[in-house]
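To start, the structure itself, in structure tokens.
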2 protein chains.
Amino acid sequence: METIEQVLESKNIRVTAMRLLIYKFLAEKQVAATLSDIEKAFEKADRTTLYRTVKTFVEKAIVHQIDDGTGITKYALCEQDCSCEIETDLHLHFHCNNCNETICLTDHKIPKIKVPDGFISEQINLVVKGLCDKCSA
Amino acid sequence: METIEQVLESKNIRVTAMRLLIYKFLAEKQVAATLSDIEKAFEKADRTTLYRTVKTFVEKAIVHQIDDGTGITKYALCEQDCSCEIETDLHLHFHCNNCNETICLTDHKIPKIKVPDGFISEQINLVVKGLCDKCSA
DNA sequence: AAACCCATGCAATAGAAGTGCATTTTTATG
DNA sequence: CATAAAAATGCACTTCTATTGCATGGGTTT
């Protein structure tokens with residue numbers, strides 16, 4: 001089991017108190033978080049710091065950025081074996097129209113999509129919207 | 001061949017000069033347009049009017065709203081036989097990472113996506129990103 | 001200890017999206 | 001045709017997300 005410090009160091013991210021806290025917050029959350037979620041969780045910290053911390057995490061590929069169609073970017077920790085920095089990685093997310101939460105469906109892979117001649121596919125963003133297990137009951 | 005007036009009337013949208021112009025603009029454009037694209041094309045008109053016109057078009061299902069992951073909502077005319085108001089309709093769009101344009105791939109359908117037990121799928125948003133035919137050359 | 005790098009904090013801004021209200025235009029009705 | 005009602009347009013303002021410039025401060029290196 002890797003410690004958070006080791007995860008950060010392995011990606012050349014300096015370990016700071018703030019970064020450990022934000023990492024833990026994302027790790028404990030089962031759903032993708034918005035910046036404003038993170039702000040609410042760390043009211044003492046400055047918004048810019050949170051913004052830049054998350055940005056660093058995204059750039060260093062320990063967090064991936066999710067666009068679920070709400071217009072608000074969400075963030076979630078990458079899986080251990082996540083390859084979201086690789087072009088061919090396939091993201092699949094579920095967005096609940098009721099509770100407005102977004103969940104990574106990591107074990108549901110996306111089928112190969114055909115594109116017309118001359119088009120080159122680099123990434124695929126797939127968001128399924130509907131009711132999550134908690135809201136469909 | 002249906003006139004624009006007939007299209008609008010068939011959806012219970014009042015025909016106004018502004019609406020005809022915006023419809024024509026979208027019809028001539030081969031790629032999806034942002035509100036700001038439309039603003040640039042109609043600088044004499046007020047932003048609110050453009051905003052509300054597009055909103056009306058979306059509500060009446062003659063335009064569909066595209067979320068291509070740039071964070072900016074784009075709009076494109078529905079096809080004649082477009083069923084985007086129906087829950088099960090499958091949208092597929094291509095976003096070019098180079099020219100930043102978004103294209104509807106209307107004849108490329110989306111395969112059925114499985115979701116875990118308890119989840120109910122209502123809509124699917126699929127955006128393929130990469131290089132379009134013009135930029136890949 | 002000094003110099004430096006980088007994280008953090010503060011302030012300000014840009015840009016998209018949305019709302020309330022007044023005014024004008026269009027449609028409906030007598 | 002006149003007039004009332006309804007809808008469209010225009011203006012001003014607000015909210016929210018995202019982003020940047022600059023100053024400060026803590027930790028690391030030499």
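No hydrogens, no waters, no symmetry mates; every other heavy atom, side chains included, goes into these values.
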- Task: Tell me what T73(B) touches on the nucleic acid: a base, only sugar-phosphate, or nothing, going by heavy atoms under 4.0 Å.
- Result: sugar-phosphate
- Rounded to the nearest Å, what distance is computed from the CG atom of residue N12(A) to the P atom of nucleotide dC6(C)? 11 Å
- Message: Under 4.0 Å from OP1 or OP2 of dG9(C): is there any side-chain N or O of T49(A) that close?
- Response: yes
- Testing dC11(D), dA11(C), dA7(D) for proximity to the side chain of D46(B), the answer is dC11(D)
- Query: Taking the side chain of R47(B) as heavy atoms from C-beta outward, which of dG10(D), dC13(D), dT8(C) is closest to it?
  - Reply: dC13(D)
- Query: Are E39(B) and R47(B) ion-paired here, with the side-chain N under 4.0 Å from a carboxylate O?
  - Reply: yes
- Specify the closest pair of heavy atoms between N98(B) and C135(B), including all atoms of both residues, with the distance to one decimal. OD1-SG, 3.2 Å
- Task: Find which nucleotide of DNA chain D each of Y51(A) and R19(B) is nearest to by heavy atoms, and output the residue with the more 5' nucleotide.
- Result: R19(B)
- When the distance from CD of E39(B) to P of dG10(D) is rounded to whole Å, what number comes out? 13 Å
- Message: Does either side chain, that of N100(A) or that of H95(A), offer a donor lying less than 3.5 Å from an acceptor on the other one?
- Response: yes
- Could you check whether T56(A) gets within reach of a base, just the sugar-phosphate, or nothing at all, counting any heavy atom under 4.0 Å? nothing
- Item | ILVMFWY cluster, I72(B) and Y75(B) together (side-chain gap under 4.5 Å) | no
- Note on the structure: From CZ of F57(B) across to C1' of dA8(D) the rounded distance in Å is 12 Å
- Task: Looking at every strand, decide which applies to T16(A) at a 4.0 Å heavy-atom threshold: base, sugar-phosphate, or nothing.
- Result: sugar-phosphate
- Message: With a 4.0 Å limit, can you tell me whether T48(A) has a side-chain N or O closer than that to the phosphate oxygens OP1/OP2 of dG9(C)?
- Response: no
- Message: Heavy atoms from C-beta onward define the side chain here; which of dA17(C), dG21(D), dA18(D) lies closest to that of I72(A)?
- Response: dA18(D)
- Query: Over how many whole Å does the gap from K44(B) atom NZ to dT9(D) atom P extend?
  - Reply: 14 Å
- What nucleotide among dC11(D), dT17(D), dT19(D) has an atom nearest to a side-chain atom of S36(A)? dT17(D)
- Query: Taking atom types as they are modelled, is there a donor-acceptor pair under 3.5 Å from the base of dG18(C) to the side chain of R52(B)?
  - Reply: no
- Could you check how far CG of L50(A) sits from C1' of dT20(D), rounded to whole Å? 16 Å
- Message: Given dA18(D), dT26(C), dT19(C), identify the nucleotide with an atom nearest to the side chain of R14(B).
- Response: dT26(C)
- Query: Using the benzene-type ring in the case of Trp, are the ring centres of F25(B) and F42(B) under 6.0 Å apart?
  - Reply: yes
- Message: Less than 3.5 Å apart, any donor N or O on the side chain of T34(A) or K74(A) sitting next to an acceptor on the other?
- Response: no
- Side-chain atoms of A45(A) come closest, of dA8(D), dT9(D), dG9(C), to dG9(C)
- Item | Rounded interatomic separation in angstrom, taking CD1 from I38(A) and C1' from dT8(C) | 16 Å
- Between NZ of K55(B) and P of dG10(D) the distance, given in whole Å, is 17 Å
- Item | Between C1' of dA16(C) and NZ of K74(B), the distance in whole Å | 14 Å
